[in-house]
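Down below is the structure, laid out as structure tokens.
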Amino acid sequence: NITDSNERIKRSGIAPEAELYYYRFEGCGPTRAFETAVADGIDVINLSSSFGDEEQICDIDYDICNLNATIKAAVDAGVLVTVSAGNLGGGEILPCSIAYPALRSEVIAVASLESSVSGAEYHYLPRGLDSSYGPLTVRLRSGIYVETAGIDIAAPRTSTLFFTYGYNNYSTEDVGGTSFSAPIIAGNAGLMRDAWSSIGYPLTNARYLRVNLLLLGDGSNGTSTGYYVHQVSPKVGYGRIRNHWPSSSNLTYPWGWGWR
């Protein structure tokens with residue numbers, strides 16, 4: 001057990017002052033979990049889970065227990081939603097491998113970065129080998145089908161020191177996947193909301209907040225050295241997350257407002 005308060009703070013993640021809620025569910029439980037979280041006043045929801053089978057990969061029409069409408073209602077209420085994209089990218093044998101509901105346009109779909117090598121420089125981390133990827137084919141209101149990235153942003157996938165539920169202690173073994181990448185983006189989203197709040201920006205428009213969160217990507221194309229793409233990468237979206245205060249001086253080339 002970690003009993004020293006300073007040691008606990010060191011292991012408290014990206015946003016140690018955030019108030020955390022945890023919702024367990026079975027069956028159609030994710031729909032109820034979203035509804036409960038919105039009623040509880042949650043600002044950022046992270047879902048490190050996927051539903052369906054291989055037939056539902058990149059299926060834009062898939063729904064389960066009215067979850068699509070529930071996610072949209074949460075976003076309409078001002079809640080940012082991050083979702084792990086899945087770990088179905090091994091071998092890249094599929095044209096698209098994004099799991100449901102990460103493929104939903106309302107959420108922030110999070111890919112992983114290969115961060116298992118201790119001491120590796122962050123700006124050289126490539127996409128995780130098993131991380132799901134796009135492009136995702138979507139249907140416009142006109143009925144025309146077009147390709148979009150599908151993936152929004154990427155974050156490290158590997159945790160070495162993590163709290164083990166059920167054993168009440170910290171493990172030093174490696175564990176990884178997009179399920180661990182998505183909470184990093186959720187933590188960044190919480191920090192960004194706090195930053196916007198401190199300078200008087202509105203926090204009720206989740207889509208507005210989403211755009212500004214994605215602008216914190218560094219423009220990587222998913223490889224160790226590929227940068228500054230002129231469009232959103234189908235592998236890692238807007239690139240690796242960068243924790244920068246949302247101001248014009250920090251959001252300059254090669255990331256943020258300055259390079260889009």
Side-chain angles (χ1 to χ4, degrees), residues 1 11-15 18-90 94 96-112 128 130-133 136 150-152 155 157-159 162-171 173-190 206 210:
N1 296 345
R11 295 164 171 79
S12 296
I14 292 171
E19 185 175 350
L20 301 180
Y21 285 65
Y22 176 67
Y23 300 91
R24 298 183 63 184
F25 55 80
E26 296 178 356
C28 286
T31 299
R32 179 58 177 164
F34 267 87
E35 294 171 342
T36 304
V38 173
D40 287 342
I42 300 301
D43 295 315
V44 180
I45 295 176
N46 176 70
L47 179 64
S48 287
S49 185
S50 61
F51 309 99
D53 52 33
E54 293 183 0
E55 294 182 359
Q56 278 75 55
I57 295 173
C58 299
D59 181 357
I60 60 173
D61 295 317
Y62 186 65
D63 193 7
I64 180 174
C65 303
N66 203 38
L67 184 57
N68 293 350
T70 304
I71 291 175
K72 183 179 182 300
V75 173
D76 289 343
V79 180
L80 277 168
V81 180
T82 61
V83 182
S84 56
N87 306 301
L88 305 169
L94 299 173
C96 172
S97 64
I98 305 172
Y100 174 86
L103 52 81
R104 298 298 305 173
S105 62
E106 299 88 356
V107 310
I108 298 172
V110 183
S112 70
D130 61 350
S131 179
S132 290
Y133 54 83
L136 177 68
I151 298 295
D152 292 305
R157 70 182 299 277
T158 306
S159 295
F162 62 96
F163 191 79
T164 305
Y165 175 75
Y167 293 95
N168 199 34
N169 58 21
Y170 284 89
S171 171
E173 297 179 359
D174 286 351
V175 63
T178 59
S179 289
F180 293 85
S181 305
I184 293 176
I185 301 300
N188 277 275
R210 169 201 172 107

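Source: prediction; values computed, not measured. FYI, side chains are in, hydrogens and waters are out, and symmetry mates aren't considered; it's all heavy atoms of this structure.
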Taking the side chain as everything from C-beta on, heavy atoms only, tell me whether [X] gets closer than 4.5 Å to [Y].
X      : Y      : value
Arg210 : Val75  : no
Ile64  : Tyr100 : yes
Thr178 : Asn87  : yes

**Request:** Kindly write out the residues that satisfy side-chain contact (heavy atoms from CB on, under 4.5 Å) with Asp40, not counting sequence neighbours, or none if the list is empty.
**Result:** Tyr21, Tyr23, Thr36, Ile42
[X] versus [Y], closest heavy-atom pair with distance:
X      : Y      : value
Leu88  : Ser97  : O-CB, 3.5 Å
Ala189 : Leu80  : CB-CD1, 3.9 Å
Tyr133 : Ile98  : O-CG1, 3.2 Å
Ala77  : Val38  : CB-CG1, 4.2 Å
Leu103 : Leu136 : O-CD2, 3.5 Å
Ser84  : Ser49  : OG-N, 3.4 Å

In a table with atom names and distances, give each donor-acceptor pair under 3.5 Å that connects a side chain of residues 179-186 to protein atoms at least two apart or in another chain.
unit_1 : atom_1 : unit_2 : atom_2 : d
Ser181 : OG     : Ala155 : O      : 3.1
Ser181 : OG     : Pro156 : O      : 3.0
Ser181 : OG     : Gly177 : O      : 3.4

**Message:** Strictly distance-based, threshold 3.5 Å: is any side-chain N or O of Ser50 a donor or acceptor partner for the main-chain N or O of Gly86?
**Reply:** no
**Side-chain donor or acceptor of Asp152 paired with backbone N/O of Ala109 under 3.5 Å** = yes
**Request:** Decide side-chain contact (heavy atoms from CB on, under 4.5 Å) for Asp130 and Arg157; before the verdict, give the C-alpha distance in whole Å, the side-chain angles of both, and the deciding distance to 0.1 Å.
**Result:** CA-CA 10 Å; Asp130 61 350; Arg157 70 182 299 277; 3.2 Å; yes
**Message:** Applying the side chain to side chain donor-acceptor pair (under 3.5 Å) criterion to Lys72, which one of Asn68, Asp76, Thr70 satisfies it?
**Reply:**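 Exactly one option meets the side chain to side chain donor-acceptor pair (under 3.5 Å) with Lys72, and it is Asp76.
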**Prompt:** Would you call the rings of Phe51 and Phe25 parallel, tilted or perpendicular, where under 30° means parallel and over 60° means perpendicular?
**Reply:**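 Tilted.
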**Asked** Should Phe34 and Leu47 be marked as a side-chain contact (heavy atoms from CB on, under 4.5 Å) after you check the CA-CA gap, both sets of side-chain angles, and the distance that decides it?
**Response** CA-CA 10 Å; Phe34 267 87; Leu47 179 64; 4.2 Å; yes
